[in-house]
Amino acid sequence: MFRSKAFSLLKLVPLVSGQSNLAYKFIHQVIASHGHRCHRSVIYKQRYRTHPCSAGRRTINAETKVMAEKELPGVLILDIGGTHGVLENLAALLKKHFHLITMKEFLGNKEEMSKKIQSVFVFECRPVIDRELLESLPNLKVIGNSGVGVDHLDLKMISSFGVKVTNTPHAVADPTADIGMALMLASARRLVEGCQIVVSPDTKYFAVDWLGVEVTRATLGIIGMGSIGYKVAQRARAFNMRILYHNRNRRRKEEEEAVGAHYCAKMEDLLQQSDFVMLVVNLTPETRKLIGKKELGLMKPTATLINISRGAVIDQDALVEALQNKVIRAAALDVTDPEPLPRDHPLLNLNNVIITPHIGTATVQAIRMMAEEAIANMLAVLNGQPIPSEVFPK
């Protein structure tokens, strides 16, 4: 609910003037090609749009509008607006290339709507993609996920229906790296606690022994050196941090040198040396509870654990115990399992943990770019073109 309310600001805030649009660079060719194929009627509609004072000019009748809409491929979405629906400005983007069909409309007329739907736009993990839905969509070709994580999608099951899955890795890297740095800084300097002290009616003075730790020249261990992890390293270098990383595949030497990163073949070595450990991995069966009691015990008692991946990557019971017993200094989490946590969860009552409501990509710019990238992916599939960001089952 928090994210939906926050994202509603998008209707009022345009993209920052002059900002580079990465999504545009990646998708312009795909969308332009689709425009040549599918938008003749839309262009016609715009060409003959009339003003109330333009007497005698040609108007477009209702029948032509219906024909124009029918030429667009159908895309299924949960809803428009509301708590979980697609934001209205993103729906407007989709409407330029698709005939939008909400889940309510689909369920109200399955026989007709099922034939029209060729794609599904998944926003904030909705609509839920299950076998029953897939069996009811005979013409479905692609599921366009808005976001990079696809752990909410059963890739093997979807693939068995001959349906492709895409995600949006280019749009999410920068804002997610930003939130990782924000959490590290906020935890190190105890910003949330400091804010609470300042606004508390009980505060009479500021204690001189209320101290944080420095990020500059500290050692950062990044677990998961994909595009987001690498963006974190680029930012950390500006703080003169010593950067260690652990990844399934080692980066090229020139990439390591560009950010001053050192590869740790064993995650244990990284854990033992780092002042800050940041998790930037996809959630897979192999990474579920990647960090448990043993791994937390290897960390320095002065270390901070930061998670910007998925909540289930950490054994939360083990984390609670480690924080309570000062096995590690602190934790800063943008993700938990589940989200939100139950109101009586012990993590919510600890003063050495910061939790934010999964806002890694919750920016005006990122949400729009994710939608644009998802649109490009879906159009590429429907047009038989190379797919910019396809996700394959393992």
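Because only heavy atoms are used, hydrogens play no part in the values below, and waters and symmetry mates are left out as well, while side chains stay in. Since we're looking at a predicted model, the values are computed, not measured.
- Atom NZ of residue K116 and atom CG of residue L72 lie 11.5 Å apart, to the nearest 0.5 angstrom.
- The salt bridge (Lys or Arg N to Asp or Glu O under 4.0 Å) analysis of residues 232-250, with sequence neighbours excluded, yields the pairs D174-R235, D178-R235, R250-E256.
- Among all heavy-atom pairs drawn from L290 and E286, the shortest one is CD1-O, 4.4 Å.
- For the residue pair D334 / T356, a side-chain donor-acceptor distance below 3.5 Å is found, with atom types taken as modelled.
- Contacts classified as salt bridge (Lys or Arg N to Asp or Glu O under 4.0 Å) and involving residues 380-394 (residues at least two apart or in different chains) are given here: K164-E390.
- The side-chain contact (heavy atoms from CB on, under 4.5 Å) check on P338 picks up L341, P342, with sequence neighbours excluded.
- Under a hydrophobic clustering in which Ile, Leu, Val, Met, Phe, Trp and Tyr are joined whenever their side-chain heavy atoms come within less than 4.5 Å, directly or via other members, L348 and V192 fall into different clusters.
- Of the possible polar contacts, one joining the N247 side chain to the N249 backbone as a donor-acceptor pair under 3.5 Å is found.
- Annotation: the span from H99 atom NE2 to L76 atom CG amounts to 11.0 Å, rounded to 0.5 Å.
- Annotation: side-chain contact (heavy atoms from CB on, under 4.5 Å) contacts of N139 (sequence neighbours excluded): K115.
- Residues passing the side chain to side chain donor-acceptor pair (under 3.5 Å) test with T168: none are found, sequence neighbours excluded.
- Side-chain contact between K141 and L382 is present, with heavy atoms from C-beta onward closer than 4.5 Å.
- Evaluation of the side-chain contact (heavy atoms from CB on, under 4.5 Å) rule for E339 yields V335, T336, H358 as partners, not counting sequence neighbours.
- Taken to the nearest 0.5 Å, the CG atom of N349 stands 9.5 Å off from the CD atom of Q324.
- No path of Ile, Leu, Val, Met, Phe, Trp and Tyr side chains, each step under 4.5 Å between heavy atoms, connects M278 with V353, placing them in separate hydrophobic clusters.
- Residues forming a side-chain contact (heavy atoms from CB on, under 4.5 Å) with V327 (at least two apart in sequence, or on another chain): A322, N325.
- Here the closest non-hydrogen pair linking V163 and L140 is CG2-O, 3.5 Å.
- Annotation: side chain to side chain donor-acceptor pair (under 3.5 Å) contacts of T304 (sequence neighbours excluded): R329.
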Checklist entry - How far apart are the C-alpha atoms of N282 and T284, what are their side-chain angles, what is the distance that settles it, and do they pass the side chain to side chain donor-acceptor pair (under 3.5 Å) test? => result CA-CA 6 Å; N282 292 325; T284 66; over 6 Å; no
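- In terms of heavy atoms, S309 sits closest to N307 at OG-OD1, 2.6 Å.
- With hydrogens and angles disregarded, a donor-acceptor distance shorter than 3.5 Å links the side chain of T102 to the backbone of E105.
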Side chains of residues 199-226: which donor-acceptor pairs under 3.5 Å do they make with residues two or more places apart or in other chains?
unit_1, atom_1, unit_2, atom_2, d
S200, OG, D202, N, 3.2
T203, OG1, I197, O, 2.5

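- Ionic pairing of E124 and R126 is not present here: no N-O contact between side-chain nitrogen and carboxylate oxygen is shorter than 4.0 angstrom.
- Between the side chains of H152 and N145, a donor-acceptor pair is found at a separation under 3.5 Å.
- Side-chain atoms of T176 do not come within 3.5 Å of backbone N or O of A173 as any donor-acceptor pair.
- Between the OG atom in S146 and the CG atom in N167 there is a gap of 10.0 Å [rounded to 0.5 Å].
- Residue pairs meeting the salt bridge (Lys or Arg N to Asp or Glu O under 4.0 Å) criterion with at least one partner in residues 304-325, sequence neighbours excluded, are D151-R310, K293-E321.
- Closest non-hydrogen pair, R251 versus S227, comes out as NH2-N, 3.9 Å.
- Few gaps surround CD on E254; more than 12 heavy atoms of other groups in view lie less than 6.0 Å from it.
- With respect to the salt-bridge test (charged N to carboxylate O, under 4.0 angstrom), the residues D275 and K300 qualify.
- Considering L137, V142, I158, I77 in turn, L137 is the only one that fulfils the side chain to side chain contact (heavy atoms under 4.5 Å, CB included) rule with V120.
- The stretch residues 252-274 participates, sequence neighbours left out, in these ring pair (Phe, Tyr, Trp, His ring centres under 6.0 Å) pairs: Y245-Y263.
- Checking side-chain atoms of S159 against main-chain N and O of K156 turns up no donor-acceptor pair under 3.5 Å.
- The salt bridge (Lys or Arg N to Asp or Glu O under 4.0 Å) contacts involving residues 184-195 comprise R190-E193, where partners must be two or more places apart or lie in separate chains.
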